[in-house]
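Report on one structure; see the data block that follows.
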Amino acid sequence: MPEKQEYNPGEIEPKWQKHWEEDGLYNAEIDKSKPKFYALTMLPYPSGDLHIGHWYAMTPSDARARYMRMRGFNVMFPMGFDAFGLPAENAAIKNNIHPKEWTYANIVRMREQLRSMGSMYDWRREAVSSDPKYYHWSQWYFNKLFENDLAYRKMSPVDWCPNCNTTLAREQVWGEDRHCERCGTPVIKKDLEQWFFRTTSYAEELLDFSTIDWPDRVVTLQTNWIGRSDGAEVHFTADSDGLSDDEARITVFTTRPDTLWGATFMVLAPEHPLVEKITTTEQSELVHEYVHQAVRQTDIQRESAEKEKSGVFTGGYAINPVNGERIPIWIADYVLMTYGTGAIMAVPAHDERDFEFALKFGLPILPVIDRSDGLTKSFAPIGTTKPGFAQALNELGISSEEDERGLLITIPVDKLDAYLETISAYLQKDAWNEVVGTGWYFIFSDGIIEWDSQESEQRILVRCKKLEPQVAGAHTLMEMLWGEEFYRDALYHHEYGTMIHSGEFSGTTGDVAVQQVNEWLEELGVGKAAINYRLRDWLISRQRYWGTPIPIVYCPEHGAVRVPDDQLPVLLPDDVEWLPTGESPLKLHPTWKHTTCPICDEPAERETDTMDTFMCSSWYHLRYLSPDYDQGLFDPAEYDYWMPVDIYTGGIEHATMHLIYTRFFHKAGRDMGIMQGPEPMSQLRNQGIILGEDSEKMSKSRGNVIAPDELVARYGADTVRAYLMFFARWDLGGPWNSSGIEGTVRWIRRIWNLFSEVGQNGNPSAETTRAMRRKVHQTLRQVTHDFETFEFNTIISALMELLNEMQKAHENGAAGSEAWDEAVDIYLRMMAPVAPHVAEEIWMNLGKPYSIHSQSWPEVDEAAAAEEQITLVVQVNGKVRDRISVPVDIGEEEAKELALSSPAIAKYMADNEPRKVILVPGKLVNIVV
RNA sequence: GCCGAAGUGGCGGAACUGGCAGACGCGCACGACUCAAACUCGUGUUCCUUCGGGAGUGUGGGUUCGACUCCCACCUUCGGCACCA
């Protein structure tokens, strides 16, 4: 009889890790006799220390991969390092250590940490993105994109981080203050010649998630990020001398072509190329000053939270193609050169920004969409109406309110005609009255003028100014009306509705307006339906050393020439120096950039920028397939067998960066004939973030960092793994709780103790056996389900529950029986993915065949799992009043009868007869009295 | 402002398609073991209660025999976007 050992993870864990590795237990090879399963976890950056967040990401996904393996899949579960990047360079400057040295030392250390988790990584497939054999193929792929016009260089204003001394992609600029995603410094704008990937060519396809199972959260984030807007392009014509037809064409993008008739002015972005040409001599000084200031302001960053509208009139005019109106062209910084066409038609009546702008600068505002809520108002100041007006309104059923200035009238839509008639009759001779909201009328003593055009506005305005000196300063009717507080809610709206004041389109209802106008625009040749995306092309140039060199040579004769494939990789030089300025050492290197043109062999210069590291991480899942392959990105045989990735797990923070880039990379590769299939990753799941015990983000400066190495030293990896799976919902994460881990410590120790009890040839009662087997198979059913759906926390709680049950059975003499052995066997298999070392150790101690991790997942015995007796809840009026135990297959009538005859029920029924009895089979009986 | 997610005991969290709210664990209390402590084991632990019960899943309403779950309105917290035409 072997002596009972203490549970000692410090001893058994390294032992098994070594054993598994030597046996190549987790090596993944192509095996066409089995279904494949490619499980992938986002790779870490080699910062030098694996923190608890890494463990939270990696151990549950490891458990899931192990589960799939036991389910009979040929599982590949690789790991690697995203090794290029800024922290290595920062360390270089700070500690005077070469980034390469720093990075590779960190990788050595982190491999050890990763091994201590006991994960089933196939290390033979490891890929490190800073190895020349890796970045060779990043460069090769760059060339492919360049050949296919998916990589291009252009001069443009780009976001620049003054702290990191490099440009950033739009996705890497975060928050309201537009700060650098890495260091938090607010970015500035710089005009630079930079390399871009044409991600926008794939905008539409990237919106299609129909072939993949990704979380709604990510789908929503990406959809918003790509930001599709449906609308129309409309060509306006600049009305200036000396412009060719082509030059005079100003195209705008609008989501509201149904409001075209309300376009009362145009606004160009200050950087718009046409600004120079249309500005008149009189306005030129103001315009130049504004442009200059606007450009500088973006440089300083648009800091002011309350952005007051600003702008300048260019002196130029444009013709609105739908009605021939001649409208002024302004410039303003609220129009962005980077979205749409950099020019807008302003419809102040139905766009809030345009409304604010028009009011501020006295530009005309013409409502062209009817209100759908029917709100209609009129204000009759004292002295403008004859006595009896209020009473006359009252008799009509029009409510009005009187204040010290006059009558505030809200007119029901169907009483509008009656109102116009009445006010006409009661209006004083030298007064006027107006109706706003639904219907726009000005009533004078000699007749009614409908405000339905800019022309009628002028007529009305002239008359009002004549009658009332107080409004003589108003530039527009809207400005005049806006002065009246009572009107404000009726003056502006941006809803869809019936078109008004829109020529032959007046009366077109909101549900068809956009489409009908679009068709008409196209017929006329002045516009067409169009789609715009918020997504921008991906800026990949970085002014840094520690990255993949962009394989381009600039020749005075031939321009940007790609380095031929057979001359790749363009190697990073090792002998570099860091200046405290933080400037890229690649640029300062004495010889590296001097080379010859691949075409003419004349002297030429290398591109000294490197690629965004997101380029490396866009395809690492392909490099794992064959990390040493030297004929391409990957060995096609490996690709054909393993791809696509079946499950991809990682943090939500990559939703709009990495996860868009990698989809773009794949789709572009597919179109270039390199890859196949619509998507690189079929299923995606995100884990949450672990916070410090103070509920704050973990950081060294806060001192709330939980170090996994210490936990492993103290409790063992199995316990830490189990706790990480148990302590929170995986997709939510949450604050760490140090004392909670005691629960999993006890759990594993209890398993250890209970399962190493030597069997006493127990002879449990049939009932004990039956109950235990039922619980075993019910638990198996749940654990299987929860592994499938990534509900790791309930896997552990179900196993704890079963252990409690088995403990009781053990006390009742179950040990040593056949059922007990079955229970232990199934238990160990179920816990093996969670706690691989201790499961293997107990498995071995029980004399079972090596390894538990090569065993199959057990099958649920449905007969054993079935209940015979169930507890039927008896409710009276929905309140639980009794519980009765009945056979599971009890008949409906019998169950109801039993419930009604329950003595506990009687007193709640009083003397009432049951009005209704509801039976939910297997669950409850509800008696309604 | 727009888009999205989440609100359940002292805490983390359970509850499949509407059917016993609080599984499992932490913490706490009491007890056993111990000279004692730790470990371990056992019992209890949503709140109120006149011990009959009553209330209770962010708030207010609704649908239903029955609502954490469905519908409407609102509040709070978190995440994303933001002068995007």
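This is a predicted model, so every value here is computed, not measured.
Partners of A:N532 by side-chain hydrogen bond (donor to acceptor under 3.5 Å, both in side chains), not counting sequence neighbours: none found.
Nucleotides B:G54 and B:A67 are separated by 15 Å at their P atoms, to the nearest Å. Between B:C74 and B:C28, the distance separating the two C1' atoms is 37 Å to the nearest Å. Taking the C1' atom of each, B:G60 and B:U76 are spaced 15 Å apart, rounded to whole Å. When the P atom is compared between B:G12 and B:G61, the two are found 28 Å apart, to the nearest whole Å. B:U40 sits 33 Å from B:G7 when the P atoms are compared, rounded to a whole Å. Remark: the separation of the C1' atoms in B:U50 and B:G44 is 24 Å, to the nearest Å. Using C1' as the reference atom, B:U46 and B:C11 are 13 Å apart when rounded to the nearest Å. Taking the P atoms as reference points, B:A15 lies 30 Å from B:C75, given to the whole Å.
Taking only side-chain nitrogens and oxygens, A:T223 never comes nearer than 4.0 Å to OP1 or OP2 of B:C3. Contact annotation: A:R729 does not reach the phosphate of B:A6 (side-chain N/O to OP1 or OP2, under 4.0 Å).
Contact check on A:R774 versus A:E868 returns a salt bridge, with a Lys/Arg side-chain nitrogen under 4.0 Å from an Asp/Glu carboxylate oxygen. Ion pair A:R536/A:E171 not flagged as a salt bridge, since none of the NZ, NE, NH1 or NH2 atoms sits closer than 4.0 Å to an Asp/Glu carboxylate oxygen. Salt-bridge annotation for A:K360 and A:E356: absent, with no side-chain N of the basic residue lying under 4.0 Å from a carboxylate O of the acidic one. Salt bridge absent: A:D159 and A:R170 never bring a charged side-chain N and a carboxylate O closer than 4.0 Å.
Residue A:V335 is in base contact, counting any heavy-atom pair closer than 4.0 Å across all strands shown. Backbone-only contact: A:N804 has heavy atoms under 4.0 Å from sugar-phosphate atoms and none from a base. Residue contacts shown for A:G740 are limited to sugar-phosphate atoms, with no base heavy atom under 4.0 Å away. Within 4.0 Å (heavy atoms only), A:G733 reaches sugar-phosphate atoms of the nucleic acid but no base atom. Using a 4.0 Å heavy-atom cutoff across all strands shown, A:Y533 reaches no nucleic acid atom at all.
Residue whose closest nucleotide on RNA chain B sits further toward the 5' end, between A:V928 and A:A728: A:A728. RNA chain B is contacted by both A:P735 and A:T341; A:P735 maps to the nucleotide lying nearer its 5′ end (nearest heavy atom per residue).
Straight-line distance from the CD atom of A:E693 to the P atom of B:G27: 13 Å, rounded to whole Å. Computed from coordinates, the A:F727 CZ to B:G12 P distance equals 11 Å when rounded to whole Å. The nearest whole Å value for the distance from the CD atom in A:E271 to the P atom in B:C83 is 14 Å. To the nearest angstrom, C1' of B:G13 lies 13 Å from CD of A:E801. One atom, OH of A:Y334, and another, P of B:C84, lie 10 Å apart when rounded to the nearest Å. The separation between A:M725 atom CE and B:C24 atom C1' is 15 Å, rounded to whole Å. Spacing between atom CD of A:Q222 and atom P of B:G4 amounts to 16 Å, rounded to whole angstrom units. In this structure, A:W736 places its CH2 atom 14 Å from P of B:G13, rounding to the nearest Å.
A:T255 places no side-chain N or O within 3.5 Å of a backbone atom of A:G231 that could act as its donor or acceptor partner.
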Listing time: all N or O pairs from protein to nucleotides 37-48 of chain B that are below 3.5 Å?
residue: B:U40; atom: OP1; partner: A:R749; partner atom: NH2; Å: 3.4

Anything under 3.5 Å between a protein N or O and an N or O of nucleotides 15-22 of chain B, put it in a table, one pair a line.
residue: B:C16; atom: N4; partner: A:K923; partner atom: NZ; Å: 2.8
residue: B:C20; atom: O2; partner: A:R883; partner atom: NE; Å: 2.7
residue: B:C20; atom: O2; partner: A:R883; partner atom: NH2; Å: 2.7

Between the protein and nucleotides 77-81 of chain B, are there any N/O to N/O pairs under 3.5 Å, and if so, what are the atom names and distances?
residue: B:C81; atom: O3'; partner: A:R534; partner atom: NH1; Å: 2.8
residue: B:C81; atom: O2'; partner: A:R534; partner atom: NH1; Å: 3.4

Show the distances under 3.5 angstrom between N or O atoms of the protein and N or O atoms of nucleotides 52-56 of chain B.
residue: B:G53; atom: OP1; partner: A:K907; partner atom: NZ; Å: 3.2
residue: B:G53; atom: OP1; partner: A:Y908; partner atom: OH; Å: 3.2
residue: B:G54; atom: OP2; partner: A:R881; partner atom: NH1; Å: 3.4

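Classified by interplanar angle (parallel below 30°, tilted 30° to 60°, perpendicular above 60°), the ring pair A:H350/A:H493 is perpendicular. Using a 30° and 60° split on the angle between ring planes, A:H658 and A:H654 fall in the perpendicular class, above 60°. Relative ring orientation between A:F361 and A:W330 is described as tilted, the plane-to-plane angle lying within the 30° to 60° band. Classification of the A:Y492-A:F355 ring pair by plane angle, with boundaries at 30° and 60°, yields tilted. Ring pair A:H179/A:W174 is perpendicular by interplanar angle, where above 60° counts as perpendicular and below 30° as parallel. Ring pair A:F790/A:F792 is perpendicular by interplanar angle, where above 60° counts as perpendicular and below 30° as parallel.
For the pair A:R534 and A:W225, the cation-pi test (distance below 6.0 Å, angle within 45°) is passed.
Side-chain atoms of A:T59 and A:Y723 include no donor-acceptor pair closer than 3.5 Å. Side-chain contact of A:S738 with A:E693: a donor-acceptor pair under 3.5 Å is present, judged by distance alone.
Between A:F265 and A:F313, a ring centre-to-centre spacing not shorter than 6.0 Å is recorded.
In this structure, B:G52 is classed as syn because its glycosidic torsion stays within 90° of zero. B:G9 has its base syn relative to the sugar, with a glycosidic angle deviating from 0 by at most 90°.
Within 6.0 Å of atom CG in A:D373, more than 12 heavy atoms from other residues, nucleotides or ligands are found, so the atom counts as buried in its surroundings. The environment of NZ in A:K896 is crowded: more than 12 heavy-atom neighbours from other residues, nucleotides or ligands sit within 6.0 Å.
Nearest nucleotide to the A:S797 side chain, out of B:G13, B:C84, B:C24: B:C24. Side-chain proximity of A:N737 to the nucleotides B:A85, B:C26, B:G4 is greatest for B:C26.
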Applying the Watson-Crick and G-U criteria (both distances under 3.5 angstrom) with [ ] for crossing and | for other-strand pairs, one obtains for RNA chain B (((((((..(((......[....)))((((((.......))))))(((....)))..(((((..]....))))))))))))....
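Applying salt bridge (charged side-chain N to carboxylate O under 4.0 Å, His left out) to A:R685 and the options A:D731, A:D216, A:D213 leaves one that passes, A:D213.
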